[in-house]
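Here the structure is laid out as structure tokens; the discussion comes afterwards.
Position 1 is the first residue of the sequence; numbering continues from there.
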Amino acid sequence: DWLHDHNFRAEYERCVTIDGKVIAPDFYLPDFDLFIEHLGLLDLSEDYRKDWAWKKELYEKHSIKYEIITETDINDLDRVLSIKLRKYQK
């Protein structure tokens with residue numbers, strides 16, 4: 001797993017409750033208080049897109065930090081995650 005290989009402490013599908021709803025972001029990075037969501041089915045499913053829109057709104061309403069990874073990003077994960085996570089590192 002990329003996060004582990006690059007020494008990021010991460011929790012996989014850690015359940016959290018927000019506004020009384022339990023959600024399980026793909027990854028939680030406790031050192032940065034950051035969620036990472038892999039939107040692997042975004043282009044394939046209308047229900048998935050609706051679920052993501054709802055979750056994104058929830059994150060933004062509560063000022064929750066998050067980053068997304070798309071299927072396209074998977075092909076260049078080293079570059080993409082390095083750039084996305086650099087802004088959270090001190």
Side-chain angles (χ1 to χ4, degrees):
D1 153 86
W2 191 95
L3 294 168
H4 180 265
D5 291 346
H6 289 82
N7 299 313
F8 286 95
R9 213 166 43 106
E11 298 174 24
Y12 179 67
E13 293 187 345
R14 173 187 181 227
C15 290
V16 294
T17 303
I18 305 171
D19 281 353
K21 304 285 186 189
V22 177
I23 61 171
D26 292 316
F27 297 95
Y28 174 66
L29 279 61
D31 295 331
F32 305 104
D33 194 26
L34 173 72
F35 293 141
I36 297 177
E37 294 283 5
H38 174 226
L39 305 180
L41 300 176
L42 200 61
D43 295 333
L44 303 175
S45 167
E46 181 63 27
D47 287 341
Y48 190 89
R49 282 190 293 278
K50 288 178 185 177
D51 287 347
W52 167 241
W54 171 81
K55 192 184 281 188
K56 179 181 176 187
E57 185 177 309
L58 193 64
Y59 289 168
E60 291 174 357
K61 175 182 174 185
H62 292 278
S63 300
I64 294 170
K65 294 184 293 188
Y66 70 93
E67 292 291 338
I68 61 168
I69 300 167
T70 65
E71 274 305 291
T72 303
D73 294 335
I74 296 297
N75 297 326
D76 196 11
L77 196 58
D78 194 50
R79 184 186 67 78
V80 170
L81 275 179
S82 293
I83 291 168
K84 287 180 182 279
L85 296 177
R86 187 175 303 139
K87 62 185 161 192
Y88 302 100
Q89 294 175 302
K90 296 177 181 170

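With hydrogens and angles left out, the side-chain atoms of His62 and Asp19 include a donor and acceptor closer than 3.5 Å.
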Trace of the side chain to side chain contact (heavy atoms under 4.5 Å, CB included) decision for Tyr66 with Leu58: CA-CA 11 Å; Tyr66 70 93; Leu58 193 64; over 6 Å; no
Check the pair His38 / Asp73 against side chain to side chain donor-acceptor pair (under 3.5 Å), numbers first and verdict last. CA-CA 9 Å; His38 174 226; Asp73 294 335; over 6 Å; no
Determine, step by step, whether Trp54 and Tyr48 satisfy the ring pair (Phe, Tyr, Trp, His ring centres under 6.0 Å) criterion, reporting the C-alpha distance in whole Å, the side-chain angles of both residues, the deciding distance to 0.1 Å, and the verdict. CA-CA 10 Å; Trp54 171 81; Tyr48 190 89; over 10 Å; no
Going through the checks in order, is the side chain to side chain contact (heavy atoms under 4.5 Å, CB included) test met by Thr17 and Lys21? CA-CA 5 Å; Thr17 303; Lys21 304 285 186 189; 6.0 Å; no
Test side chain to side chain contact (heavy atoms under 4.5 Å, CB included) applied to Ser45 and Arg49, step by step: CA-CA 6 Å; Ser45 167; Arg49 282 190 293 278; 5.7 Å; no
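A salt bridge links Glu67 with Lys87: the distance from a Lys NZ or Arg NE/NH1/NH2 to an Asp or Glu carboxylate oxygen falls below 4.0 Å.
Shown here is Glu57, whose CD atom has no more than 12 heavy atoms of other residues, nucleotides or ligands within 6.0 Å. No more than 12 heavy-atom neighbours from other residues, nucleotides or ligands sit within 6.0 angstrom of NZ on Lys56.
Among all heavy-atom pairs drawn from Pro25 and Arg14, the shortest one is CD-O, 3.3 Å. Between Gly40 and Glu71, the shortest heavy-atom contact is O-CG, 3.3 Å.
Leu39 and Val80 fall into different hydrophobic clusters, where Ile, Leu, Val, Met, Phe, Trp and Tyr residues are linked whenever their side-chain heavy atoms come under 4.5 Å apart, directly or through other members.
Put simply, the side chain of Pro30 reaches to within 4.5 Å of the side chain of Glu11, judged on heavy atoms. Looking only at side-chain heavy atoms (C-beta outward), Val22 and Val16 stay at 4.5 Å or farther from each other.
A search for ring pair (Phe, Tyr, Trp, His ring centres under 6.0 Å) contacts involving Tyr28 returns Phe35, not counting sequence neighbours. For His4, there are no side chain to side chain donor-acceptor pair (under 3.5 Å) partners, not counting sequence neighbours.
Interatomic distance, Glu13 CD to Ile23 CD1, rounded to the nearest 0.5 Å: 11.5 Å. One distance of note links NZ of Lys61 with CD1 of Ile18; it measures 10.0 Å at 0.5 Å rounding.
The other members of the hydrophobic cluster of Phe27, by chain and number, are Trp2, Leu3, Phe8, Tyr12, Leu29, Phe32, Leu34, Ile36, Ile69, Ile74, Leu77, Leu81, Leu85, Tyr88 (side-chain heavy atoms under 4.5 Å, ILVMFWY only).
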